[in-house]
Amino acid sequence: MNKQKYLITSALPYINGLPHLGHMVGCLLPSDVYARFMRMQGADVLYICGTDEHGTASEVAALKAGVPVQQYCDEFHEKHKKTYADFNLSFDYLGRTSTEQNKEITYRISSKLMENGYIEEKTIKQIFSVDDNQFLADRYITGTCPYCGYDKARGDQCENCTKVLDPTDLINARSTISGSTNLEVRETKHLFLKLTALQSELKKWLETKEFTWPEVAYSIAQKWLNEGLQPRCITRDLKWGFPVNKPGFENKVFYVWFDAPIGYIGITKQWSDEKPTERNWEDWWLKPDDVHYVEFMGKDNVPYHTITFPATLMGTGENWKLVDYLKGMSYLTFNGGKFSKSEQIGIFCDQAIEEFPADYWRYWLMANAPESSDSSFTFEGFANTINKDLNDVLGNFINRVLKMTTSNFGQQVPDGGVAGDDEEALYTRLDELVGDYTSYMKEMEFRKALGSLREIWVEGNNYIARNEPWKVVKVDKDRAAVILRTAINMIRLFAILSAPIMPDTSKKMLQLLNLPTDNLLWVGASMSEFLTLLEIGHAFNTPELLFSKITPERVEELSIRYKEKKENE
RNA sequence: CGCGGGGUGGAGCAGUCUGGUAGCUCGUCAGGCUCAUAACCUGAAGGUCACGUGGUUCAAAUCCCGUCCCCGCAACCA
């Protein structure tokens with residue numbers, strides 16, 4: 001029997017600067033947790049991510065940094081890679097959208113769309129900056145708002161009075177890139193994807209997702225359909241991107257949002273090309289019935305993944321794999337406001353990892369994931385959760401059990417006695433809780449899943465408190481052996497259940513118990529079997545503290561330090 | 001009347017689709033325990049579920065209507 005194939009993708013982080021905790025919780029981390037969980041379930045998982053590199057934003061960033069855009073992307077790709085490794089993200093492949101592979105797939109898809117009549121040409125008017133020698137996107141034009149007088153209004157919208165603007169409305173319009181006011185309106189020809197022609201097919205497909213997708217994902221998609229789709233421009237007057245493969249358009253490139261989602265496929269091909277004899281990207285993308293495809297993204301990405309990308313694939317007439325389940329996440333806010341890459345507000349992933357171990361962040365972010373609505377980050381809340389859940393409940397349980405065992409029975413799984421009624425009750429309760437936790441993980445209900453995980457830990461402390469082994473050991477050593485033996489087995493249980501969320505901590509726990517740490521499998525057996533697996537006399541190591549508390553002083557210091565904007569990169 | 005999401009004890013959230021005595025975690029207070037990282041366990045206080053003392057109903061946090069507030073998006077920003 002072949003294992004079920006699971007294709008898992010995280011929205012591709014934009015290359016410009018490093019991601020912040022909002023990006024981490026919005027797509028990168030939940031996709032990693034799910035990928036790890038599914039691997040432990042025995043599924044054949046392919047987990048794909050990469051950097052999204054094309055477009056004006058990276059051109060501008062490179063210009064500011066004073067390096068060629070290719071070099072800028074090369075450097076930042078490596079920085080992204082390091083950060084994700086620091087967070088223990090277990091991508092099977094972290095690729096890029098600017099590769100030959102992605103170009104090949106992009107051309108294949110765009111050619112098909114042209115052949116099938118889903119592409120049309122239109123001439124539009126756009127602002128051209130003479131000094132920059134390029135067309136400017138509306139948001140790269142700054143000027144004074146004609147309505148409120150705000151002098152930094154953007155060509156698409158005034159951030160001060162929120163009025164939607166046309167760049168020609170601006171007074172003293174200038175290029176955001178160079179500051180030049182030498183702007184003129186020019187005509188330019190572009191390609192548009194005829195979404196209108198694909199509307200009914202899209203609608204039919206989306207309707208099948210109504211009761212399975214998260215509210216935030218389905219409602220956003222539905223909103224776009226209900227408003228009626230319009231042709232969407234898929235080319236740009238830029239240099240950095242894939243040149244359009246159509247005569248007369250050689251000086252233009254595909255729009256970043258056209259080739260970015262195609263990047264999932266291009267990156268899969270990058271992965272496949274590294275070991276062509278063992279891997280075949282087509283098995284994952286062109287055999288829809290063999291694969292279950294799950295996408296993770298923040299809500300801002302939803303329209304592109306529910307409307308434009310599926311429409312793009314449908315329009316080819318080929319049998320591309322479309323997303324089966326879309327996990328759309330809301331936003332994490334920072335002290336009530338929003339994280340901002342452009343404003344450098346919030347905590348960025350490279351900073352986060354310098355402050356605390358990855359598992360602290362991973363646990364907190366998943367326990368507070370913005371699933372049904374936005375959720376907010378504060379250092380106070382962060383410290384509360386880490387101190388209570390990880391340090392006091394989980395960490396202390398492991399420490400008290402191993403120390404008590406060591407002082408009474410030596411550093412090994414104690415011998416003596418047999419499980420009794422209280423153990424039976426524990427098995428029953430844990431079977432139930434582990435079942436809940438597993439279901440929530442399968443359903444990607446992460447907050448609820450972590451609630452169950454925490455309950456499981458608490459159940460460990462409960463069992464100890466109820467049975468008072470420190471008293472029992474003085475009168476009935478066999479009984480104490482049973483209690484502690486069961487508790488040590490629970491540490492193994494906790495390690496396995498925590499592995500998708502906190503891989504480092506899980507590994508440490510298993511190492512404490514002298515158990516293998518690779519290729520872990522999920523709990524299959526019932527607790528009556530699972531909690532009696534460790535052999536009598538199996539040696540464990542001297543316990544070390546897995547977590548340490550975050551002091552109020554530290555919280556205050558961090559709150560002050562991160563209130564200010566980040567100085568530079 | 002642009003669109004979507006949200007407004008539930010001090011904080012963070014679940015419950016709303018499928019009406020039926022308001023639930024979880026943290027915090028607070030009290031008690032227990034003393035093996036363990038002053039950790040663990042138990043119990044209690046605290047909410048008329050944004051507002052209209054609106055409509056439907058035997059019954060509304062839940063359905064309907066109206067208003068206010070917060071967050072995000074608004075198709076040339078990733």
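Convention: sequence-line order gives letters A, B, ...; per-chain numbering from 1. Everything numeric here is computed off the predicted structure, so don't read it as measured data.
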Distance-only donor-acceptor test, N391(A) side-chain atoms vs rU37(B) base atoms, 3.5 Å: yes
Under 4.0 angstrom between K388(A) side-chain N/O and rC40(B) OP1 or OP2: yes
Aromatic ring proximity Y264(A)/H305(A), centre distance under 6.0 Å: yes
Sugar-phosphate, base or nothing in reach of V401(A), heavy atoms under 4.0 Å: nothing
Side-chain N,O (K403(A)) to OP1/OP2 (rU37(B)) below 4.0 Å: yes
I464(A) side chain, from C-beta outward: closest of rC41(B), rC35(B), rU37(B): rC35(B)
Which nucleotides of RNA chain B pair, in dot-bracket form (Watson-Crick or G-U under 3.5 Å, | meaning another strand): .(((((((.[[[[.)....(..]]]].(((((.......))))).....[[[.[[..)....]]]]])))))).....
Sugar-phosphate only, base, or nothing, as touched by D300(A) at under 4.0 Å among non-hydrogen atoms: nothing
RNA chain B: 5'-proximal contact among S58(A) and R466(A) (nearest heavy atom): R466(A)
Charged tip of R554(A) within 45° of F356(A) ring normal and under 6.0 Å: yes
K448(A) side-chain N/O to rC13(B) phosphate OP1/OP2 under 4.0 Å: no
Test: R485(A) and E423(A) ion pair at under 4.0 Å: no
Salt bridge flag under 4.0 Å for residues D392(A) and K549(A): yes
Which pairs, protein N/O on one side and nucleotides 31-34 of chain B N/O on the other, fall under 3.5 Å?
none

Touch class at under 4.0 angstrom, heavy-atom based, for I124(A) against every strand present: base
Atom-to-atom span, OH of Y463(A) to P of rU42(B) - whole angstrom: 16 Å
Distance in angstrom units between N368(A) CG and rU25(B) P, rounded: 15 Å
